[in-house]
Amino acid sequence: MAGDGWVLNAFPMYAFRPKYVDYIFTSSTTFAMPRGAKVANLTVVSGGGGGGAGAGENNDSGTYFGGGGGGGGSGRVAHATITDAATLKDGNVLTITVPAGGTAAVNKHLYNENNGGKGGTASIAYGSTTLCTASGGSGGVGGTRADEGHTDDAWGGAGGAGGGGGGGGGGGKIYDDFQCGGAGGAGTSTTGGARLPYAFYGGASLGATGGGYKGTNGNSPADPYQGVKPAAGVGMNTDDYFLFKDDATGYGLYAQGGAGGSGHVASNNRGQGGAGAVAGKSAGGTTVANKFGQGGAGGKGTNYNSADSRADSSAGTKGLCGIRVWFVTPV
């Protein structure tokens, strides 16, 4: 065992040797292959994307509100099985890369979107050979500034793609017109909800929701006038997890994209992230304190002018890597 890996499960086959041992890594390190390894199952979780910034207004009237930022997509998941004897040789050193989450966007009230940072790439490598890798969740797109006369004025930003997609930001407001909310981000094998293609007079313009991990798609708002949030995409635990199976460990695979930021603050129009498959819940669905690969929330749209700056979006959380070493050939 190396770095900050530790044993999660060890089911004895006979008195002195376990059937397999799990090692979990929450920071980058190296790992020396133990003696007698027959097979190694690898799982990596990349960093979640950061939330996009909410936007402000282009005048000092206080009557305009910029669009909310989109939530970041959650980290992605990848698996690999190593059976090559040369790689499994006693003492071979693997390089474990546990990435940071994407940075939160700071709202400077620029007209162009101020997007959240992309999450880092997770990987396990032997020498120059990458054995398993997953790219980070995309950052949420920033909302657009309230600036009367522009066609995409005060729109909510789109949610970032990832294992689970981020929710779209809510639309802003110009006088009594509520602008378009953002689209939801795509999850793995799912789509995010589409943004509504028009503004509403006197109603809340909600962001769409992100897609879940290999599960259900995100949704568009069905009733924007009532301010009813659409259901988020739900992830399905369909993977052969290799590890993270035990509820007691708190490292089951379950992802969640970040929530989109609200637009006009009176509307509470915050999109939701999609639920997917990165560590954050146990395999049985129990919520745990440590959330790896989580997408960051988008920032709120405001009526602040261009001289102000806000940082109310949140960063994505870091990734996670794991290795299950078998001392017998699994069946």
Side-chain angles (χ1 to χ4, degrees), residues 48-55 65-76 102-105 107 110-119 135-146 150-172 178-188 190-199 204-212 217-221 224 229-233 255-264 269-274 276 294-301 313-316:
F65 288 81
S74 73
R76 295 178 170 88
T103 55
N107 183 10
L110 301 174
Y111 183 71
N112 292 326
E113 297 92 343
N114 194 15
N115 303 339
K118 184 177 181 179
S135 63
S138 297
V141 176
T144 56
R145 189 177 66 187
H150 290 276
T151 58
D152 55 354
D153 200 27
W155 285 2
F178 288 80
Q179 306 301 305
C180 301
T188 297
T190 60
T191 59
R195 70 171 177 83
L196 296 176
Y198 41 82
S205 183
L206 296 166
T209 57
N217 297 326
N219 294 282
S220 300
K229 295 178 182 177
Q256 188 170 352
S262 58
H264 177 225
N269 44 353
R270 182 181 288 269
Q272 298 172 347
Q294 176 99 27
K300 297 177 181 179
S313 57
S314 59

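Within the 3.5 Å criterion, the main-chain N or O of Gly192 finds no donor-acceptor partner in the side chain of Asn217. Arg76 places a side-chain N or O within donor-acceptor distance of the main-chain N or O of Gly136, the cut-off being under 3.5 Å. Using a distance-only test at 3.5 Å, with no hydrogens or angles considered, a donor-acceptor pair links the side chain of Ser314 to the main chain of Ala297.
Looking at residues two or more places apart in sequence or on another chain, you find a side-chain contact (heavy atoms from CB on, under 4.5 Å) between Thr188 and Tyr213, Lys214.
Taken from OG1 in Thr144 to CG in Asn114, the straight-line distance is 12.5 Å, to the nearest 0.5 Å.
For Phe65 against Ala154, the heavy-atom pair with the smallest separation is O-CB, 3.6 Å. Residues Ala105 and Gly116 come closest through the heavy atom pair CB-N, 3.9 Å. Among all heavy-atom pairs drawn from Lys118 and Ser135, the shortest one is NZ-CB, 4.3 Å. Across every non-hydrogen atom of Ser220 and Pro230, the tightest pair is O-CB, 3.5 Å. Heavy-atom minimum distance, Thr209 versus Asn219: OG1-N, 2.7 Å. Pairing each heavy atom of Ala194 with each of Pro221, the nearest pair is O-CD, 4.3 Å.
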